[in-house]
Amino acid sequence: MFIQSRVNQIWFGLLVLALAIDVNTIINHTPMVPQQQWAQKIFYIHVPVAWTAFLSYFMVMVAGIAFLATKKTAWDRLGRAAAEIGTMFMILVLITGPIWARPIWGKPWVWEPRLTTSLILFLIYIGYFMLREFGGHPERIARYAAVLGIIAFIDVPIIFLSVKFWAPEVQSHPQVEMSQQPTGILGPFFYSLIVFTILYIFMMRFRIHTLKLQEEIETHAV
């Protein structure tokens, strides 16, 4: 079993420790930003989980292309795992964003470009999971899911570049470049980014393992 592996247990313990250090650093050792105060600290979580979600959706696209080219089940398994984990992180994006927005904008949601395109991506993946659940024959499901995962990724660069695509008047997101962030922010930010990326890799390995076991059980049951 995955979690019974000594190596995986060590990795899990190190991840818990790294996440605890991350939270402590964010709360106690990052500077307060004028006009934002405590609300700004959600930045250290919000941006890394967004990066992780986009990374996972990139893996869905790569797996989809590889599956259509090779028809190998392993690629479909990878795409499904990446879609599930990416959407978990996307939910966190849509939760942490409004937590930051409520004290800064005065309300948790406004229909500005980045928020709207992020919500669209989330809804596309709701459709993806409905397809997985009700699409019919497994081979057809895998093929259609691969195509949908490839198409869905088009929205990711649109989200990322939305602050450049649309005029500043229709946007509410801050447009400060990372290089222009105040001193003391970049170090904790990149640490958090690395920790969440490693967490993502661990979660992917675990989910692929469980999906493979599920497939083996279903095969023996037939």
Side-chain angles (χ1 to χ4, degrees), residues 1-23 45-96 121-122 124-153 156 191-222:
M1 296 296 289
F2 183 87
I3 205 62
Q4 292 176 340
S5 165
R6 183 64 176 171
V7 173
N8 290 333
Q9 288 175 353
I10 293 171
W11 271 110
F12 180 75
L14 290 174
L15 267 171
V16 171
L17 177 62
L19 286 167
I21 293 172
D22 191 29
V23 172
I45 301 297
H46 178 71
V47 177
V49 297
W51 148 257
T52 308
F54 296 156
L55 173 62
S56 202
Y57 288 148
F58 174 75
M59 293 304 300
V60 176
M61 181 190 68
V62 170
I65 293 171
F67 175 77
L68 293 175
T70 66
K71 300 297 186 292
K72 291 184 178 179
T73 306
W75 287 113
D76 179 56
R77 189 185 306 130
L78 174 64
R80 180 176 175 181
E84 291 174 355
I85 295 171
T87 302
M88 286 176 59
F89 280 101
M90 199 65 194
I91 290 171
L92 290 176
V93 171
L94 295 174
I95 291 173
T96 55
L121 182 60
F122 173 72
I124 289 172
Y125 270 92
I126 295 298
Y128 176 97
F129 295 122
M130 292 177 67
L131 172 64
R132 284 283 188 182
E133 187 68 24
F134 307 113
H137 191 276
E139 184 179 343
R140 183 170 63 248
I141 290 174
R143 188 168 62 252
Y144 290 171
V147 172
L148 183 56
I150 294 168
I151 294 172
F153 188 76
V156 171
Y191 174 79
S192 190
L193 194 70
I194 291 169
V195 170
F196 274 93
T197 303
I198 296 172
L199 173 64
Y200 165 70
I201 294 170
F202 186 84
M203 292 174 68
M204 278 289 291
R205 291 179 59 240
F206 175 73
R207 185 53 181 149
I208 290 170
H209 174 79
T210 58
L211 285 173
K212 188 174 182 180
L213 286 179
Q214 181 181 330
E215 290 168 8
E216 291 174 355
I217 291 170
E218 290 173 353
T219 300
H220 292 316
V222 174

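Throughout, numbering of the chain's residues begins at 1 and tracks the sequence.
Considering only residues two or more places apart in sequence or on other chains, Phe206 meets the ring pair (Phe, Tyr, Trp, His ring centres under 6.0 Å) condition with Phe2. Ala53 pairs by the side chain to side chain contact (heavy atoms under 4.5 Å, CB included) definition with Phe89, Met90, not counting sequence neighbours. Every residue meeting the ring pair (Phe, Tyr, Trp, His ring centres under 6.0 Å) condition with Tyr125, not counting sequence neighbours, appears here in chain and number order: Tyr57, Tyr128. Applying the salt bridge (Lys or Arg N to Asp or Glu O under 4.0 Å) criterion to Arg143, with sequence neighbours excluded, gives no partner residue. Shown here are the side chain to side chain contact (heavy atoms under 4.5 Å, CB included) partners of Leu17, two or more places apart in sequence or in another chain: Ile21. The side chain to side chain donor-acceptor pair (under 3.5 Å) search around Ser192 returns Asp22, not counting sequence neighbours. With sequence neighbours excluded, no residue forms a ring pair (Phe, Tyr, Trp, His ring centres under 6.0 Å) with Tyr144. Residues that satisfy the side chain to side chain donor-acceptor pair (under 3.5 Å) test with Thr197, not counting sequence neighbours, are Trp51.
Within 6.0 Å of the CZ atom in Phe202, the count of heavy atoms belonging to other residues, nucleotides or ligands exceeds 12.
Every pair passing side-chain hydrogen bond (donor to acceptor under 3.5 Å, both in side chains) that includes a residue from residues 6-20 is listed here, sequence neighbours excluded: Asn8-Arg205. Residue pairs meeting the side-chain hydrogen bond (donor to acceptor under 3.5 Å, both in side chains) criterion with at least one member in residues 71-85, sequence neighbours excluded: Asp76-Arg132, Arg77-Glu215, Arg80-Glu84, Glu84-Arg207.
In terms of heavy atoms, Leu121 sits closest to Val156 at CD2-CG2, 3.9 Å.
Once rounded to the nearest 0.5 Å, the distance linking CZ of Phe129 with CZ of Phe134 reads 13.0 Å. Separation of atoms OG1 (Thr96) and CD1 (Ile91) is listed at 11.5 Å; rounding is to 0.5 Å.
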Distance-only check: which donor-acceptor pairs under 3.5 Å involve side-chain atoms of residues 58-68, not counting sequence neighbours?
none

